[in-house]
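Just the heavy atoms: all of them, side chains too, but no hydrogens, waters or symmetry mates, feed the values below.
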Amino acid sequence: MDKQHAEVSKFLSYVLRHQPEAIGLTLDHEGWADIGLLIICATKDGKHLDQHLIKSIVDNSDKKRFAISEDGLRIRAVQGHSSQQVGIEYQEKIPPEFLYHGTATRFLSSINEQGLNAKSRQYVHLSADEDTAIQVGLRHGKPVVLKIKALNMYEQGLKFYQADNGVWLTKFVPPSFFIQM
Ligand code: HQG
């Protein structure tokens, strides 16, 4: 992805996950925005988007962050939201035995004490593989990976969901389900 694409991808993450109101955009409960309206709102904000650029970013997103509706008219972020406008009803799913969460070492003592919480997002994000977790942790500093007894959590009644791009979501992970690596 080139620099322009990366910048627009960040902008799309910002408005489709966190602050649609910053450009006067409205998302529906499932997170969808009308693409025509998104282009108008973005242009007013000085960001020049068009259908072609948006489609190319959606298709080339390394983490498959966005989806376009079947009729081609709407776009949404598939996970990562903090906006109160959005409450995607993810389908519950039985997790694998273990899932992984990457974070920075400086957060560890607090996480070990309080458990993993969603912070500004709506869910705690987990991955099925350790490598992805390391990459996620690197965004915050010196990475450390927590191995989570996910199936065990599920058997005790805690719910798991999987976004369209494979990211696992849950509301909270109590410290008793950590295996520190
Ligand atoms: C930490 C990216 C102290 C948590 C990635 C994390 C991901 C605590 C940070 C997605 C804590 C929140 C999400 C506690 C949790 N005390 N720190 N009790 N509980 N934390 O960015 O998981 O590129 O909101 O460990 O790939 O890092 O944006 O979450 O370090 O899938 O598409 O609080 O974002 O995807 O940070 O990342 P974030 P995350 P995109």
Side-chain angles (χ1 to χ4, degrees), residues 1 6 9-22 27-33 57-58 60-67 75-181:
M1 198 181 287
S9 175
K10 276 198 178 156
F11 171 75
L12 289 178
S13 285
Y14 174 66
V15 297
L16 296 176
R17 288 173 169 173
H18 307 301
Q19 297 281 332
E21 60 278 7
L27 308 180
D28 74 9
H29 193 252
E30 290 290 303
W32 294 108
I57 285 166
V58 172
N60 295 310
S61 164
D62 52 352
K63 295 184 185 167
K64 302 261 169 277
R65 291 181 178 90
F66 312 104
I75 181 171
R76 73 173 174 184
V78 299
Q79 38 75 212
H81 301 82
S82 65
S83 172
Q84 298 298 320
Q85 291 184 16
V86 180
I88 297 180
E89 286 178 28
Y90 294 104
Q91 238 189 318
E92 270 185 63
K93 210 169 161 186
I94 302 175
E97 185 172 10
F98 300 112
L99 286 171
Y100 300 88
H101 178 86
T103 188
T105 49
R106 69 180 191 285
F107 298 147
L108 261 190
S109 59
S110 161
I111 291 174
N112 281 328
E113 216 171 280
Q114 301 169 7
L116 271 176
N117 49 52
K119 295 281 169 183
S120 64
R121 302 192 199 244
Q122 295 175 350
Y123 294 92
V124 174
H125 288 221
L126 304 168
S127 61
D129 67 289
E130 212 183 317
D131 285 352
T132 303
I134 292 170
Q135 294 310 316
V136 173
L138 271 170
R139 291 159 53 250
H140 297 287
K142 186 164 182 250
V144 57
V145 173
L146 297 164
K147 189 171 177 180
I148 315 273
K149 292 185 258 179
L151 189 58
N152 216 216
M153 278 177 68
Y154 174 82
E155 284 162 355
Q156 302 210 15
L158 293 156
K159 291 180 179 161
F160 284 82
Y161 311 88
Q162 196 175 27
D164 288 349
N165 63 352
V167 170
W168 285 88
L169 306 168
T170 194
K171 281 288 180 190
F172 174 65
V173 183
S176 53
F177 294 98
F178 297 158
I179 302 172
Q180 229 154 79
M181 299 178 69

What distance separates T170 OG1 from I148 CD1, expressed to the nearest 0.5 Å?
9.5 Å

Taking it one step at a time, do H18 and R121 satisfy side chain to side chain contact (heavy atoms under 4.5 Å, CB included)?
CA-CA 9 Å; H18 307 301; R121 302 192 199 244; 4.2 Å; yes

Output yes when a side-chain donor or acceptor of R106 lies under 3.5 Å from a complementary backbone atom of H140, and no otherwise.
yes

Compare every heavy atom of Q162 with every heavy atom of Y90, then report the nearest pair and how far apart it is.
CD2-O, 4.4 Å

For S127 against A133, the heavy-atom pair lying closest together:
OG-N, 3.6 Å

Separation between OG of S109 and CD of Q114, rounded to the nearest 0.5 Å
9.0 Å

Return yes if some donor-acceptor pair links the side-chain N/O of H101 with the main-chain N/O of H125 below 3.5 Å, else return no.
yes

Which residues pass the salt bridge (Lys or Arg N to Asp or Glu O under 4.0 Å) test with E92, not counting sequence neighbours?
none

Can you sort out the partners of F160 under ring pair (Phe, Tyr, Trp, His ring centres under 6.0 Å), two or more places apart, ordered by chain and number?
none

Any sub-3.5 Å donor-acceptor pair from T103's side-chain atoms to G137's backbone N or O?
no

Measure the CZ-CG distance between F177 and L151 for me, rounded to the nearest 0.5 Å.
10.5 Å

Note: S9 and I57 closest approach over all heavy atoms is CB-CG2, 4.0 Å

Is there a side-chain contact between L138 and P143 in this structure, where contact means two heavy atoms from C-beta onward sitting under 4.5 Å apart?
yes

Sole residue of I134, I111, L108 in side chain to side chain contact (heavy atoms under 4.5 Å, CB included) with V144:
L108

Check whether any side-chain heavy atom of K119 sits under 4.5 Å from a side-chain heavy atom of N117, and report yes or no.
yes

Give a yes or no answer on whether the side chain of Q122 reaches the backbone of S83 with a donor-acceptor pair at less than 3.5 Å.
yes

Above 12 or not: heavy atoms from other molecules or residues under 6.0 Å from CD of E155?
yes

S120 and S82 have their tightest heavy-atom pair at O-CB, 2.9 Å

Minimal heavy-atom distance between R17 and A77, with the atoms involved, is CG-CB, 3.7 Å

Which value, rounded to the nearest 0.5 Å, describes the distance between K142 atom NZ and T105 atom OG1?
5.5 Å

What closest approach, in Å, do L16 and A33 show between heavy atoms, and which atom pair accounts for it?
CD2-CB, 3.9 Å

Taking the side chain as C-beta and beyond, is there a heavy-atom pair between M153 and P174 under 4.5 Å?
yes

Distance, nearest 0.5 Å, that separates CG of L27 from CD of E21:
8.5 Å

Does the side chain of F98 reach to within under 4.5 Å of the side chain of I179, using non-hydrogen atoms?
yes

Run through R65, K63, Q79 and flag the one making a side-chain hydrogen bond (donor to acceptor under 3.5 Å, both in side chains) with N165.
Q79

If you count the non-hydrogen atoms of other residues, nucleotides and ligands that lie under 6.0 Å from NZ in K171, is the total more than 12?
yes

Are side-chain heavy atoms of Y100 and T132 found at a separation under 4.5 Å?
no

Within 45 degrees of the ring normal and closer than 6.0 Å to the centroid, is that where the cationic atom of K147 sits relative to F178?
no

